[in-house]
Amino acid sequence: MPTCLQLLTYYIFLKTRYKLCLITQFPRFIALIPTVDGSHQGEGLLNEIITHLIDVQYRRGNLHLFLYTKVNSAKFFGDLGFYEIARVDDTLVFMENRKTGFADYLSKLSKTKQPGKSAALVMNANPFTLGHQYLVEKAASECDTLHLFIVSEDASLIPFSVRKQLVLEGTAHLPNVICHDSGPYIISNATFPSYFLKDEETVIKSHAKLDLTIFCKIAEALSITSRYVGEEPTSQVTGIYNRIMAQELPAAGIDCFIIPRKETNRKPISTSTVRSMLQQGDMHSLSSMLPETTLHYFQSPEATPVIERIQKEANVIHY
């Protein structure tokens, strides 16, 4: 699997008369912190390069932009039209170019706020399995309202539209579940790029803390007092995320419940295993891992393009 740096798609080299003085790079949706050679700081190069990056993103059709920067650089980016969403440990600031972007997101969510005890669950569901269904059912049975956030970043083998459809169908029997598109603020290429692109553990931890800092603000808007998550015995990135979640959420007054995986044939149900079965054409074994709604989809002609995409993928295991 490629790393974040390997998937950067744009480079700028700004040269002076004698030497290369600035290099910057960014992927499709997020501007990363540019670097200026020390001998050329104070020459206004950063302003020039950021203005150019914004223009390139706009021409690509990416109008909602995000960036990370150091605390002492936040004011500079504020002057360029970026607004703070969250900061982590006074070392990292996360910003966007919409003044009320995150506030509008919270306002929309708050309209679904319900009385009584509210909990949250976030899932990518790539695809929705009996394990996911078990987790949703357990969480829903222990609260008055369960806010289920479906990761809407289209960076998985199974498209978001399909994943959402399967989650909605697989939870339709639970009247106290409210499903939300996660948008760019929960486990997205903006808040948690290393969830989708392999990276170093220190980077994963930093991204996880940022994602959870933002989640705590979402939880406040919905009066969420607990979050449920499935135990993760195999995936490195999800395992790290769970460990940090177990530390950070209680400190913010939110209970974190890590639920043991549902098993079949004495083995945990895993989306990676399901994708491997689809890749190998083992449709028979899927019945022990998928609810009827998901199984019906993969047995239908509608799923053919998705299955073909999975079969062409070299690696279907989430790292």
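Every value quoted in this text rests on a predicted model; they were computed, and no experiment measured them.
Side-chain atoms of His296 never come within 3.5 Å of backbone atoms of Thr293 as a donor-acceptor pair (strictly under, hydrogens ignored). Judged by distance alone, with hydrogens and angles left aside, the side-chain atoms of Ser107 form no donor-acceptor pair with the main-chain N or O of Ala103 at under 3.5 Å. Judged by distance alone, with hydrogens and angles left aside, the side-chain atoms of Asp144 form no donor-acceptor pair with the main-chain N or O of Ser118 at under 3.5 Å. A donor-acceptor pair under 3.5 Å links the side-chain atoms of Asp154 to the main chain of Phe160, judged by distance alone. Side chain of Ser73 to main chain of Thr69: no donor-acceptor pair is present (N/O by atom type, distance under 3.5 Å, no hydrogens or angles). A donor-acceptor pair under 3.5 Å is formed between the side chain of Ser152 and the backbone N or O of Gly183. Side-chain atoms of Gln311 never come within 3.5 Å of backbone atoms of Gln280 as a donor-acceptor pair (strictly under, hydrogens ignored). In terms of modelled atom types and a separation under 3.5 Å, the side chain of Asn97 and the main chain of Phe82 share no donor-acceptor contact. Formation of a donor-acceptor pair under 3.5 Å by the Arg227 side chain with backbone atoms of Leu249 is not found in this model. Checking side-chain atoms of Ser270 against main-chain N and O of Ser272 turns up a donor-acceptor pair under 3.5 Å.
Here Lys108 pairs with nothing under the salt bridge (charged side-chain N to carboxylate O under 4.0 Å, His left out) rule; sequence neighbours left out. Under the salt bridge (charged side-chain N to carboxylate O under 4.0 Å, His left out) criterion, Asp282 pairs with no residue, sequence neighbours left out. The salt bridge (charged side-chain N to carboxylate O under 4.0 Å, His left out) search around Lys75 returns Asp79, not counting sequence neighbours. By the side-chain contact (heavy atoms from CB on, under 4.5 Å) test, Lys113 is found to be paired with Leu222, Ser223, residues two or more places apart in sequence or in another chain being considered. A search for salt bridge (charged side-chain N to carboxylate O under 4.0 Å, His left out) contacts involving Glu84 returns Arg87, not counting sequence neighbours.
Summarising the geometry, atom CD1 belonging to Ile254 is positioned 9.0 Å from atom OG belonging to Ser226; distances are rounded to the nearest 0.5 Å. Rounding to the nearest 0.5 Å places CG of Leu278 at 7.5 Å from CG of Leu290. In this structure, CD1 in Ile186 is found 7.0 Å from CG in Asp211, a value given to the nearest 0.5 Å. The distance from atom CZ of Arg163 to atom OG1 of Thr271, rounded to the nearest 0.5 Å, is 10.5 Å. Note that CG of Asn124 and CD1 of Ile150 are 10.0 Å apart. Values are rounded to the nearest 0.5 Å. From Ile158, atom CD1 reaches atom CG of Asn126 across 4.5 Å, with rounding to the nearest 0.5 Å.
Side-chain contact between Leu106 and Ile218 is present, with at least one heavy-atom pair separated by less than 4.5 Å. Between Val177 and His147 there is no side-chain heavy-atom pair separated by less than 4.5 Å. In this structure, Val151 and Met123 have side chains that are not in contact, with every pair of non-hydrogen atoms separated by 4.5 Å or more. The shortest side-chain heavy-atom distance between Gln165 and Phe128 does not fall under the 4.5 Å cut-off. Using a 4.5 Å heavy-atom threshold, the side chains of Ile214 and Phe102 count as touching. Side-chain contact between Phe149 and Leu109 is present, with heavy atoms from C-beta onward closer than 4.5 Å. With a 4.5 Å cut-off on side-chain heavy atoms, Cys143 and Tyr228 do not count as touching.
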>> One pair to check against side-chain contact (heavy atoms from CB on, under 4.5 Å): Leu121 and Val229. What are the steps and the verdict?
In response: CA-CA 6 Å; Leu121 204 164; Val229 60; over 6 Å; no
>> Apply side-chain contact (heavy atoms from CB on, under 4.5 Å) to residues Leu65 and Arg98 and explain how you reach the verdict.
In response: CA-CA 8 Å; Leu65 306 181; Arg98 293 183 180 176; over 6 Å; no
> Can Leu146 and Thr171 be said to form a side-chain contact (heavy atoms from CB on, under 4.5 Å), step by step?
Replying inline: CA-CA 11 Å; Leu146 177 64; Thr171 61; over 6 Å; no
>> Between Tyr68 and Val93, does the side-chain contact (heavy atoms from CB on, under 4.5 Å) criterion hold? Intermediate values first, please.
In response: CA-CA 6 Å; Tyr68 304 94; Val93 178; over 6 Å; no
>> Determine whether Phe66 and His64 satisfy the following criterion, ring pair (Phe, Tyr, Trp, His ring centres under 6.0 Å), listing intermediate values before the conclusion.
In response: CA-CA 7 Å; Phe66 300 86; His64 194 182; 4.5 Å; yes
> Step by step, would you call Lys138 with Glu142 a salt bridge (Lys or Arg N to Asp or Glu O under 4.0 Å)?
Replying inline: CA-CA 7 Å; Lys138 178 171 179 57; Glu142 297 178 358; 2.8 Å; yes
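Between Leu92 and Val71, the shortest heavy-atom contact is N-CG2, 4.1 Å. Of all non-hydrogen atoms in Leu210 and Ala86, the two that sit nearest each other are CD1-CB, 4.2 Å. The two residues Leu157 and Val306 come nearest to each other via the heavy atoms O-CG1, 4.4 Å. The two residues Ile187 and Tyr241 come nearest to each other via the heavy atoms CD1-CE2, 3.7 Å. Taking both residues in full, the closest heavy atoms of Leu130 and Ser287 are given as CD1-O, 4.5 Å, listed atom of the first, atom of the second, then distance. The two residues Glu248 and Lys209 come nearest to each other via the heavy atoms OE2-CE, 3.8 Å.
The neighbour count for His173 NE2, taken as heavy atoms of other residues, nucleotides or ligands under 6.0 Å away, is above 12. Heavy atoms of other residues, nucleotides or ligands lying less than 6.0 angstrom from CD of Glu292 number 12 at most. In this structure, Glu220 places its CD atom where only 12 or fewer heavy-atom neighbours from other residues, nucleotides or ligands lie under 6.0 Å away.
In this structure, the ring of Tyr105 has its center no less than 6.0 angstrom from the ring center of His180.
No single ILVMFWY cluster, assembled from side-chain heavy atoms under 4.5 Å apart, contains both Tyr185 and Ile178. The hydrophobic clustering, which links ILVMFWY residues whose side-chain heavy atoms are closer than 4.5 Å, places Val274 and Met283 together. By the criterion of side-chain heavy atoms lying less than 4.5 angstrom apart, applied directly or through intervening Ile, Leu, Val, Met, Phe, Trp or Tyr residues, Met289 is grouped together with Leu295 in one hydrophobic cluster. Note: the hydrophobic cluster containing Leu168 does not contain Val122 (ILVMFWY, side chain heavy atoms under 4.5 Å, direct or indirect links). Residues Tyr83 and Leu63 do not share a hydrophobic cluster, defined by chaining ILVMFWY side chains whose heavy atoms lie under 4.5 Å apart.
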Please list, one pair per line, the donor and acceptor atoms closer than 3.5 Å that link side chains of residues 256-269 to other protein atoms, with sequence neighbours excluded.
{"residue": "Arg261", "atom": "NE", "partner": "Glu231", "partner atom": "O", "Å": "2.7"}
{"residue": "Arg261", "atom": "NH1", "partner": "Ile269", "partner atom": "O", "Å": "2.6"}
{"residue": "Arg261", "atom": "NH2", "partner": "Glu232", "partner atom": "OE1", "Å": "2.5"}
{"residue": "Thr264", "atom": "OG1", "partner": "Ser288", "partner atom": "O", "Å": "3.4"}

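Residues Tyr297 and Glu169 have side chains that never bring a donor and an acceptor to within less than 3.5 angstrom of each other.
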